[in-house]
Amino acid sequence: MITIKLGDITLEENIDCIVNAANERLVGGGGVDGAIHRAAGPSVMTECRQIGSCPTGSAVITSAGDLKVLHIIHTVGPIWYGGAQGEPQQLKDAYYNSFKKALEYKIKSIAFPAISTGVYGYPKNEATLIALSVGLEFESKFDEIRYTCFSKSDLTNYQLTLHKLRG
Ligand code: AR6
């Protein structure tokens with residue numbers, strides 16, 4: 001089942017895992033990454049330091065510290081340089097490899113923020129299309145794939161895009 005929700009992903013519950021929009025050095029930062037590390041507490045940063053890095057498009061997993069979920073998958077979306085530098089494929093990979101990592105860990109429910117659409121500047125419409133297209137490919141393998149939207153306009157965009165993709 002795919003669900004679309006308005007909210008703060010650090011407050012998600014009744015879900016096994018949330019995804020973080022991290023950077024390649026896994027050192028934390030602003031946006032959702034900063035919020036997740038603040039809410040999860042220092043143990044997650046310790047694990048990230050031990051892992052060391054995560055190339056764009058790939059995904060790593062840690063525990064979730066003080067959050068009400070079991071795991072955090074940290075993935076790195078592309079920085080938007082205009083779209084001709086492989087960004088669409090890299091964003092697809094970030095979602096795809098997050099799902100693969102989740103399946104590897106027998107995770108049955110997972111919540112995503114809108115990867116790359118903040119600090120990294122990926123255009124929202126195109127990013128939403130990728131996020132949901134990859135989600136639809138994995139829908140049957142999870143009990144719930146949740147897209148946690150941080151603004152009402154994102155929520156509307158996700159709802160309309162899912163409706164179009166489902167035909
Ligand atoms: N819950 C859900 N979504 C959120 C939250 C939240 N608490 N906070 C922000 N968003 P961004 P990026 C949305 O910038 O573009 C960091 O510094 C936000 O509205 O967090 O992938 C990292 O360390 C936007 O739609 O991630 C990297 O250096 C979406 O999350 C860099 O930013 C993603 O925005 C990654 O940039």
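Every number for a ligand or one of its atoms is a count from 1 in the order of the listing.
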**Partner set under side-chain hydrogen bond (donor to acceptor under 3.5 Å, both in side chains) for S153, not counting sequence neighbours** = S151

**Message:** On a heavy-atom basis, I'd like to know which of F150, Y120, Y122 is closest to atom 31 (C) of ligand 1.
**Reply:** Y120

**Request:** Report yes if D8 has an N/O atom closer than 3.5 Å to an N/O atom of ligand 1; otherwise report no.
**Result:** yes

**Prompt:** If you measure from each heavy atom of G28 to ligand 1, is any distance below 4.0 Å?
**Reply:** yes

**Request:** Verify salt bridge (Lys or Arg N to Asp or Glu O under 4.0 Å) between R166 and E139, making sure each step is shown before the conclusion.
**Result:** CA-CA 12 Å; R166 285 207 195 277; E139 188 175 20; 2.9 Å; yes

**Asked** Which of the listed options, A94, G118, S151, holds the heavy atom that is closest to atom 34 (O) of ligand 1?
**Response** G118

**Prompt:** Are I36 and V119 connected, step by step, through hydrophobic side chains (Ile, Leu, Val, Met, Phe, Trp, Tyr) whose heavy atoms are closer than 4.5 Å?
**Reply:** no

**Prompt:** Counting both backbone and side chain atoms, is some N or O of G30 under 3.5 Å from an N or O of ligand 1?
**Reply:** yes

**Prompt:** So is G121 polar-close to ligand 1, meaning N/O to N/O under 3.5 Å?
**Reply:** no

**Asked** Which ILVMFWY residues can you reach from L26 by hopping between side chains whose heavy atoms are under 4.5 Å apart?
**Response** I51, V60

**Prompt:** If we only count N/O pairs under 3.5 Å, is A21 in contact with ligand 1?
**Reply:** no

**Per-atom contacts, ligand 1 versus T117 - under 4.0 Å to a heavy atom** = 15 (O), 24 (C), 25 (O), 29 (C)

**Protein heavy-atom partner closest to atom 14 (O) of ligand 1 - residue, atom, separation in Å** = V119 N, 2.8 Å

**Message:** For S116, state whether at least one heavy atom is located under 4.0 Å from any atom of ligand 1.
**Reply:** yes

**Asked** Are any of the N/O atoms in T10 less than 3.5 Å from those in ligand 1?
**Response** no

